[in-house]
Visitor: 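Could you have a look at this structure, given as structure tokens, before my questions?
Every number for a ligand or one of its atoms is a count from 1 in the order of the listing. Below, all heavy atoms of this structure are taken into account, side chains as well, without hydrogens, waters or symmetry copies.
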Amino acid sequence: MEQMLIKNFKIEDKPSVKYILTEGTRIAYMGEERPEAKISPGSEYDLGGKLLFPGFINVHTHLDKSRLAERIKNGSGTIGEARARLLAYKKQMTKADIKERARQTAEEMIQAGCIAVRSHVDVDPAIGLRGIEALLELREEYRDKITIQIVAFPQEGISEAPGTSQLMEQALAMGADVVGGHLSIAADFYEHSVRVFELAEKYDRDVDIHVDYDIDRDYSKKSVHRDGVIYPDELGITAMCEVKKERGFAGRTAASHLCGLDAADPEAAQNLISLIRRSGIDVVALAPNNMYCNGRGDAYNVRRGVTKVKALMGAGVRVSFGPDNIKDPFNPLGSADIIQNAVLTAYACHFASEEDYRKLFTMCTRDAADIMGLEDYGLEEGREANFTVVDAENSRDALADKAAVKGLFRRGRPVFLR
Ligand SMILES: [Zn+2]
């Protein structure tokens with residue numbers, strides 16, 4: 001079996017590890033002593049003392065609409081205008097066009113040190129299944145380069161856009177990996193949640209829902225919910241948690257955005273965080289997109305509309321982060337660069353200690369892998385040999401310097417070293 005040895009690197013939480021030996025696609029040995037194996041000179045890599053992470057993961061983005069910013073202008077910078085202009089443009093989006101833009105963004109992610117990405121892909125009567133078809137082809141073509149998970153995403157709602165429910169079924173039957181949802185625009189949170197979990201059960205898939213990115217609703221209206229606790233009526237996360245529990249859904253479930261949690265009053269937020277933790281739902285914070293779009297109507301004390309990352313983590317909820325939109329009308333400044341997204345998350349969520357800075361890198365590696373259900377992931381013997389090499393002394397320097405990704409190894413082979 002093909003062997004590879006890497007040496008002279010630094011793993012922050014495993015400082016004693018000086019050598020990693022890989023056999024085939026997996027990590028065979030990690031330790032302080034050089035292993036006994038006979039390595040050919042071309043298969044031994046000196047990493048110059050740089051930081052080593054398990055492969056970076058982009059847990060939430062939209063490859064199908066990436067790079068549309070030049071073609072679709074969004075003068076107000078709001079989500080509402082982005083959605084309306086995108087919808088009007090969709091008839092011009094061919095499968096080949098979607099695939100080419102997605103391919104370019106996937107290449108950028110690889111250069112940013114990513115080994116996996118979860119992409120929500122629009123499914124609605126305007127785009128039909130062209131986005132799903134394009135991404136399914138790309139997923140196969142890029143199987144050896146980057147793991148692409150496809151979420152069937154009802155951008156225009158489900159019952160709100162007649163025909164979407166059937167299209168979602170087709171997308172899942174064709175091979176979409178995850179059932180998406182769009183509670184942020186759903187007219188009926190329960191009906192929408194029930195349909196999403198129904199599909200997940202029928203096709204045996206995980207769930208990832210865009211929920212509560214609107215911070216302009218009236219969250220002061222509250223009522224007693226089915227568990228006897230008082231929650232704001234205008235939040236979709238409550239229905240998502242309750243429907244998951246009522247159906248006994250055991251698959252992985254992620255709530256993306258969740259900006260409304262930060263707009264709820266402290267007592268309501270505490271009740272909601274407790275509900276999310278009890279429901280076993282993971283949260284994906286999308287600070288770059290939220291800060292770009294939210295609070296645009298605020299004349300002063302402008303809200304940033306990012307979910308309560310530290311409070312959620314403090315309560316034991318698994319949280320990761322992503323860029324969401326990349327160079328499209330929702331966020332023309334959205335970037336595939338994981339470290340840049342980590343920096344923005346740190347600013348938005350008041351990260352403040354060495355432990356916090358390290359945690360950011362756990363969020364975009366280990367935590368993201370768990371949310372995506374990636375088996376064999378991590379810096380441990382027996383796991384897949386995926387390494388991202390970052391030109392920094394420690395996590396804080398990596399963030400402060402927006403350090404360069406100097407190398408990527410995937411499944412025991414170098415993808416690039418520079
Ligand atoms: Zn999104």
Visitor: Specify which N/O/S atom of His62 comes nearest to the Zn ion (ligand 1), by atom name.
Guide: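 Output for this pair reads NE2.
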
Visitor: Quick check: does His60 have an N/O/S atom under 2.8 Å of the Zn ion (ligand 1)?
Guide: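 Here the distance criterion (N, O or S atom, under 2.8 Å) is met by His60, so yes.
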
Visitor: When you measure from the side chain of Asn341 to the backbone of Ser335, do you find a donor-acceptor pair of N or O atoms at a distance under 3.5 Å?
Guide: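 Yes.
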
Visitor: Under a 4.0 Å threshold between the charged nitrogen and the carboxylate oxygen, would Arg413 count as salt-bridged to Asp144?
Guide: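 Salt bridge between Asp144 and Arg413, a charged N being under 4.0 Å from a carboxylate O: no.
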
Visitor: Could you tell me whether any N, O or S atom belonging to His210 is less than 2.8 Å from the Zn ion (ligand 1)?
Guide: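 Under 2.8 Å: His210 contacts the Zn ion (ligand 1) through an N, O or S atom.
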
Visitor: Tell me which N, O or S atom of Asp324 sits nearest to the Zn ion (ligand 1).
Guide: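 Atom name returned: OD1.
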
Visitor: Using the benzene-type ring in the case of Trp, are the ring centres of Phe409 and Tyr45 under 6.0 Å apart?
Guide: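 For Phe409 and Tyr45, the ring centres are under 6.0 Å apart.
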
Visitor: So, for His120 and His60, is the gap between ring centers shorter than 6.0 Å?
Guide: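 So the answer is yes for these two rings.
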
